[in-house]
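Quick notes on the structure that follows.
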Amino acid sequence: MADEAGVPAAESTARSLAAGSRALLVLEVPSADDARATCSAADVDVRWVVRAPGEASGAAALAHLRRLVEADPSLLPPDARLIAVGETGAVAGARHFALSRGLEPGRVRACPYWLLDRPGKRRRAS
């Protein structure tokens, strides 16, 4: 799962997968014009999700991922790996969701690239 900041990393990961591997990419972008073909030797199912105006970055991708897995739990089996890339809150939400579905912590990689400024929330110093 990735927002537009993480799309290049998700595409790079897909390209690195071996033939015979399977992957589901849920990629969020601000406009349908941002969706593009993804090349990989693996069997990659790419789901482009367009964020609604004013919606927090990553929220649409996370909601889509949840709906997909709740409708078909076989999309996130216990031996799966989940990589979430993008805004910190969405990445944390994806990690929490994967762990709640039974993935072991070592099978979940959270890569927060940036933090959305939210009114009333403190930013942690780096």
Side-chain angles (χ1 to χ4, degrees):
M1 181 199 97
D3 64 16
E4 66 270 24
V7 166
E11 291 175 324
S12 177
T13 298
R15 283 191 302 274
S16 74
L17 296 173
S21 301
R22 292 184 57 217
L24 169 65
L25 301 181
V26 177
L27 305 175
E28 180 186 298
V29 290
S31 165
D33 294 337
D34 295 314
R36 57 186 180 244
T38 301
C39 299
S40 177
D43 178 14
V44 179
D45 179 3
V46 182
R47 307 289 178 99
W48 290 97
V49 180
V50 177
R51 179 174 55 252
E55 186 174 20
S57 185
L62 179 55
H64 192 78
L65 175 65
R66 285 181 173 143
R67 282 192 304 274
L68 287 172
V69 172
E70 288 166 2
D72 183 0
S74 72
L75 292 173
L76 194 63
D79 64 340
R81 294 189 183 278
L82 181 122
I83 302 171
V85 184
E87 195 279 324
T88 300
V91 167
R95 182 179 188 284
H96 177 76
F97 176 70
L99 296 175
S100 75
R101 300 298 295 196
L103 263 64
E104 295 291 326
R107 302 191 79 74
V108 179
R109 184 165 179 208
C111 304
Y113 278 11
W114 62 284
L115 177 64
L116 181 67
D117 284 329
R118 292 184 175 96
K121 297 278 183 177
R122 288 184 164 185
R123 282 188 91 146
R124 211 165 87 161
S126 336

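Basis for what follows: all heavy atoms, side chains included, without hydrogens, waters or symmetry-related copies.
In terms of modelled atom types and a separation under 3.5 Å, the side chain of R51 and the main chain of A60 share no donor-acceptor contact. No donor-acceptor pair under 3.5 Å is formed between the side chain of S12 and the backbone N or O of P8. Proximity of a side-chain donor or acceptor of E87 to a complementary backbone N or O of A90 within less than 3.5 Å is detected. Of the possible polar contacts, one joining the E28 side chain to the G58 backbone as a donor-acceptor pair under 3.5 Å is found. At least one donor-acceptor pair closer than 3.5 Å links the side chain of D34 to the backbone N or O of S31. Formation of a donor-acceptor pair under 3.5 Å by the S40 side chain with backbone atoms of A14 is found in this model.
Annotation: side chain of P30 is not in contact with side chain of V50 (no heavy-atom distance under 4.5 Å). Side-chain contact between V108 and F97: absent, with no pair of heavy atoms (C-beta onward) separated by less than 4.5 Å.
A chain of hydrophobic side-chain contacts below 4.5 Å, direct or via other Ile, Leu, Val, Met, Phe, Trp or Tyr residues, connects L75 to L103. Follow the hydrophobic side-chain contacts under 4.5 Å out from L62 and you reach V49 in the same cluster. Under a hydrophobic clustering in which Ile, Leu, Val, Met, Phe, Trp and Tyr are joined whenever their side-chain heavy atoms come within less than 4.5 Å, directly or via other members, I83 and V26 fall into different clusters. When the side chains of ILVMFWY residues are joined at heavy-atom separations under 4.5 Å, either directly or via intervening members, V44 and V7 end up in a single hydrophobic cluster.
Within a 6.0 Å radius of CZ in R109, no more than 12 heavy atoms belonging to other residues, nucleotides or ligands are found. By the 6.0 Å contact criterion, CD on E70 is enclosed, its count of non-hydrogen atoms from other residues, nucleotides or ligands being greater than 12.
Atom CG of L25 and atom CE of M1 lie 12.0 Å apart (nearest 0.5 Å). Here CG of L76 is found 10.0 Å from CZ of R107. Values are rounded to the nearest 0.5 Å. Between atom OG1 of residue T13 and atom CG of residue L17 there is a gap of 7.0 Å, rounded to the nearest 0.5 Å. In this structure, L24 CG and L65 CG are separated by 7.0 Å, a value rounded to the nearest 0.5 Å. Distance OG/S57 to CD/E4: 4.5 Å, rounded to 0.5 Å.
Residues A61 and A2 share a closest heavy-atom pair of CB-O, 4.2 Å. For A9 against Y113, the heavy-atom pair with the smallest separation is CB-OH, 3.3 Å. Annotation for A110 and V91: closest pair CB-CG1, 3.4 Å, computed over non-hydrogen atoms. Across every non-hydrogen atom of T88 and P112, the tightest pair is OG1-CB, 3.5 Å.
Remark: D45 engages R47 in a salt bridge, criterion side-chain N to carboxylate O under 4.0 Å.
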